Amino acid sequence: MAMHKRIVTALVAAGLASAAGTTAAEKLPAQLPAAGFEARDQENSLELPEKDAAKLRADALARAMLWLEPPSSVDLRRNPDDALGGGEAVCKFHPEKSTGQSPKFECVFEGGEVLKVKYGSSPEVHTEVAATRLMHALGAGADRMYLVDTLRCFGCPEDPYPMLRCFSSPFEERVRECGQTYGDKTPTGKVVVKVDYAKYHDFKTVAVERRAEGRAIMANGTTGWGFDEFDDLPAGKGEVLRAERDALRLLAVLLNNWDNRSDNQRLLCLEDGALLADGGCHAPLAYMHDVGATFGHVGGAKGERKLDVEGWRAAPIWKDRAACTVSIESPRFHGATFGEATISERGRQFLADRLRRIDAAQVRDLFEGARFAQYEDASASSRDVEQWVQAFQDKVREITSGDPCPTP
């Protein structure tokens, strides 16, 4: 099943104003290059045989790799080595259905790669960059996120997200209304959105997401996994696997990844999708995918908070340190999968050993590089990097110090 289904075909639109030129923008092309921006085939999933899908998926999750060996050196201030054009990049608007609450759209970059772009006054532009960089440094599976100073999007309206959300409505009447605002009708009556690739809009300070490589394991039309499924999985490699699962839970608590619905985690098949004789995956990887709802806290007057140092500091690591139990508070009826869990001593030490490799200078680089201080909607204290460094170090001490966790 294709991962990207086109909502519309391109038609000419009127009234899309190009952004005013700046020093950075002057380096970017004034028109879309003739070649190199046609979307490649985005089919990249492994659909398990329907008859045995549930069993094969459970087997893949039970065997899934959760951790890799951490890199010997990391730069938490800058984009990954294969950064997209440094401080500036160009892409072609790729109108697709959109979900979630943070402003985003998909765009075709040079070479035909379709990547997700988060933009605007959204804390996730910063929090997801910081979370994924930390996860990579610790050896956890993660997407790659790139902060781009100026993204020139050909065909983009000034604010694509409301339009995409409108066309993504499950109600036909709503989609028809969207056509009156954002699109037009074909002679057959089909509602389409207007796109003019001769025009562009410049977006400032965006986060571009490149997903971890592999084929998404699909069982009966669904993907992803939930933390609650760890409780029902077989022991597998015994204490070692238990420790790795507990360490991943503890990392989720450290980040306070409260939006941990199953569709925000990914289960991949690595090694180019190599299969077992029964159609299952030979080398599965499970990781936290959408980690924008982090570095904050749920509840209080502000509701669901992200990039909030006061809220993050108030979110405890341990629900009960003596018993080594943890939990993450999530909105009611939100579909969160992280309930209360007990962390083993081997799991605590697994993550503690990796956290000790991150020194104070790197922690500062993490928050400065993700530009927490530049998020204008944050409180004064949340724009103070030193507050984040102190809160991070306090949380790490909560994990690394104290008596051993009880032996089950």
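Computation of the quantities below employed the complete heavy-atom set of this structure, encompassing side-chain atoms and omitting hydrogens, waters and symmetry-equivalent molecules. All figures in this text were calculated on a predicted structure; none of them were measured in a lab.
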Taking every non-hydrogen atom, the tightest pair across [X] and [Y]:
X	Y	value
M288	M135	O-CE, 3.5 Å
L76	A137	CD2-CB, 3.9 Å
G224	R57	O-NH2, 3.0 Å
Y119	P162	OH-CD, 4.2 Å
A352	T400	CB-CG2, 3.7 Å
D353	R357	O-CG, 3.5 Å

Practice problem: Look at atom CD of E50 and say whether more than 12 heavy atoms of other residues, nucleotides or ligands are closer to it than 6.0 Å. | Solution: no

Exercise. Kindly check if the number of other-residue, nucleotide or ligand heavy atoms within 6.0 Å of CD (Q393) is above 12?
Key: yes

Indicate yes or no: does [X] engage [Y] in a salt bridge with an N to O separation below 4.0 Å.
X	Y	answer
R242	E244	no
E345	R348	yes
D159	R165	no
E88	R152	no
D59	K55	no
R210	E113	yes
K118	D290	yes
D263	R261	yes
R364	E386	yes
E38	K92	yes

Decide whether [X] and [Y] meet the rule of one side-chain donor and one side-chain acceptor closer than 3.5 Å.
X	Y	value
N257	T294	no
D246	S344	yes
D308	H297	no

Gap between atom [atom2] of [Y] and atom [atom1] of [X] - 0.5 Å precision:
X	Y	atom1	atom2	result
R371	L147	CZ	CG	5.0 Å
L267	W225	CG	CH2	9.0 Å
R63	L241	CZ	CG	11.0 Å
L248	L66	CG	CG	5.5 Å
Q265	T337	CD	OG1	5.0 Å
I217	L56	CD1	CG	9.5 Å

Quiz item: Looking at W312, does the NZ or CZ of K306 lie under 6.0 angstrom from its six-membered ring centre and within 45 degrees of the ring axis?
Solution: no

Self-check item: Cation-aromatic face contact R245/F230, 6.0 Å, 45 degrees
Solution: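 Yes, R245 sits over the ring of F230.
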
Evaluate the ring planes of [X] and [Y], with Trp represented by its six-membered ring, and classify them as parallel (under 30°), tilted (30 to 60°) or perpendicular (over 60°).
X	Y	result
F295	F367	perpendicular
F338	F227	tilted
F372	H126	perpendicular

Are any side-chain N or O atoms of [X] and backbone N or O atoms of [Y], one a donor and one an acceptor, separated by less than 3.5 Å?
X	Y	answer
T127	G292	yes
Y197	F93	yes
R77	D365	no
D259	N264	no
S45	E47	no

Quiz item: Are the side chains of M218 and L48 in touch, meaning some heavy atoms are under 4.5 Å apart?
Solution: no

Quiz item: Are C324 and R321 side-chain neighbours, meaning at least one heavy-atom pair lies under 4.5 Å?
Solution: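 Heavy-atom side-chain distance check passes, below 4.5 Å.
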
Exercise. Using the side chain to side chain donor-acceptor pair (under 3.5 Å) rule, take R133 and N79 through it: C-alpha gap first, then chi angles, then the decisive distance, then the call.
Key: CA-CA 9 Å; R133 287 180 183 176; N79 285 330; 2.8 Å; yes

Quiz prompt | Verdict with reasoning, Q387 to S382, per side chain to side chain donor-acceptor pair (under 3.5 Å) | solution = CA-CA 7 Å; Q387 294 267 4; S382 293; over 6 Å; no

Quiz prompt | Stepwise disulfide bond (SG atoms under 2.5 Å apart) check, C107 with C156 | solution = CA-CA 9 Å; C107 220; C156 270; 4.9 Å; no

Quiz item: Yes or no on salt bridge (charged side-chain N to carboxylate O under 4.0 Å, His left out) for R249 and D231, after CA distance, side-chain angles and deciding distance?
Solution: CA-CA 12 Å; R249 285 189 194 263; D231 299 328; 2.8 Å; yes

Quiz item: Is it true that C269 and C281 have SG atoms closer together than 2.5 Å?
Solution: yes

Practice problem: Could you go through the side chain to side chain donor-acceptor pair (under 3.5 Å) check for R383 and Q374 one step at a time? | Solution: CA-CA 7 Å; R383 293 195 299 272; Q374 296 181 23; over 6 Å; no

